[in-house]
Amino acid sequence: VHVTESGGGSVQAGGSLRLSCSASGLEDIPYCMGWFRQFPGKDHEAVATTGDGGTTRYPDSTKGRFTVSRVDVAKTSATLSLQMENLRPEDTAMYYCALDAYCTLAFLRPELYESWGKGTQVTVSS
């Protein structure tokens, strides 16, 4: 499985950004996909996750501001987008896309996800 993120950058508080993730080399099995972020010196935390059957979850910190969308292509690849609105300085972090094989419920638990991209930086200035 190969995972690549794009779309990070710098924006002022209140602005918007859209992140994209491309996953390839998938098998014909259920996958959950998710966006996670990591602050310096901290563990990964969930931003949004989506299951193979359409389940979507958000933590309270992003609910109502972030929207995740997923497109599965021919069972061997998928894209996952994250539209981020009303960004805050505390959203500044490295953002990662990740996949969990044989998953359907898309829990907000980064330790369950085994395939990760290299991340893209999001910086929000006040």
Side-chain angles (χ1 to χ4, degrees):
V1 176
H2 185 68
V3 182
T4 305
E5 305 95 339
S6 62
S10 298
V11 66
Q12 289 191 328
S16 304
L17 277 176
R18 185 176 181 87
L19 305 184
S20 296
C21 169
S22 175
S24 60
L26 307 182
E27 301 176 52
D28 188 10
I29 58 175
Y31 284 91
C32 292
M33 298 182 71
W35 284 99
F36 302 85
R37 62 189 180 187
Q38 188 176 30
F39 304 110
K42 303 290 187 181
D43 291 334
H44 290 96
E45 68 173 41
V47 172
T49 60
T50 180
D52 191 73
T55 300
T56 302
R57 301 183 191 272
Y58 301 89
D60 289 343
S61 59
T62 65
K63 194 176 299 180
R65 299 188 300 124
F66 292 9
T67 303
V68 67
S69 59
R70 169 176 172 171
V71 176
D72 294 330
V73 181
K75 301 290 186 181
T76 58
S77 64
T79 61
L80 189 73
S81 300
L82 183 70
Q83 181 67 37
M84 304 185 290
E85 305 287 346
N86 192 22
L87 283 161
R88 305 165 180 168
E90 54 264 39
D91 293 318
T92 296
M94 185 70 80
Y95 283 69
Y96 297 87
C97 178
L99 279 75
D100 178 19
Y102 295 102
C103 163
T104 56
L105 297 180
F107 293 118
L108 295 169
R109 294 173 55 189
E111 68 270 22
L112 299 177
Y113 292 71
E114 63 269 3
S115 298
W116 291 75
K118 294 183 178 180
T120 185
Q121 177 69 36
V122 171
T123 302
V124 184
S125 58
S126 57

Tell me every residue that passes side chain to side chain donor-acceptor pair (under 3.5 Å) with T4, counting only those two or more places apart in sequence or in another chain.
H2
So, are K63 and D60 salt-bridged, with charged N and O less than 4.0 Å apart?
yes
Residues two or more places apart in sequence or in another chain: which of them pass side chain to side chain donor-acceptor pair (under 3.5 Å) with Q12?
none
Identify the two heavy atoms, one from P59 and one from A48, that lie closest to each other, and give their separation to 0.1 Å.
CD-N, 4.4 Å
Same apolar cluster: M33 and L108, side chain cutoff 4.5 Å
no
Please list all pairs passing the disulfide (SG to SG under 2.5 Å) test where one or both residues lie in residues 22-67, with sequence neighbours left out.
C32-C103
With sequence neighbours left out, what residues match T104 under side-chain contact (heavy atoms from CB on, under 4.5 Å)?
P30
Measure across Q83 and S16 and return the closest heavy-atom pair with its distance rounded to 0.1 Å.
NE2-CB, 4.0 Å
Examine distances only and state if a side-chain atom of T120 and a backbone atom of E5 form a donor-acceptor pair shorter than 3.5 Å.
no
Suppose we screen for side-chain contact (heavy atoms from CB on, under 4.5 Å). Which residues come up paired with E114, at least two apart in sequence or across chains?
D100, A101
Within the side chain of E85, is there an N or O that forms a donor-acceptor pair under 3.5 Å with the backbone of R65?
no
Check: W35 and C21 side chains under 4.5 Å, non-hydrogen atoms:
yes
Pairing residues for T56 by the side-chain contact (heavy atoms from CB on, under 4.5 Å) criterion, not counting sequence neighbours:
T50, Y58, V68
Can you list the residues that meet the ring pair (Phe, Tyr, Trp, His ring centres under 6.0 Å) rule with Y113, with sequence neighbours excluded?
F36
Restricting to side chain to side chain donor-acceptor pair (under 3.5 Å), what partner residues turn up for D72, sequence neighbours left out?
R70
Restricting to side chain to side chain donor-acceptor pair (under 3.5 Å), what partner residues turn up for E45, sequence neighbours left out?
R37
Flag, side chain of T123 to backbone of T92, donor-acceptor distance under 3.5 Å
no
In short, ring pair (Phe, Tyr, Trp, His ring centres under 6.0 Å) pairs touching residues 91-110 with sequence neighbours left out are H44-Y96
Disulfide (SG to SG under 2.5 Å): which pairs involve residues 44-83, sequence neighbours left out?
none
Contacts of type side-chain contact (heavy atoms from CB on, under 4.5 Å), residue V73, not counting sequence neighbours:
V71, S77
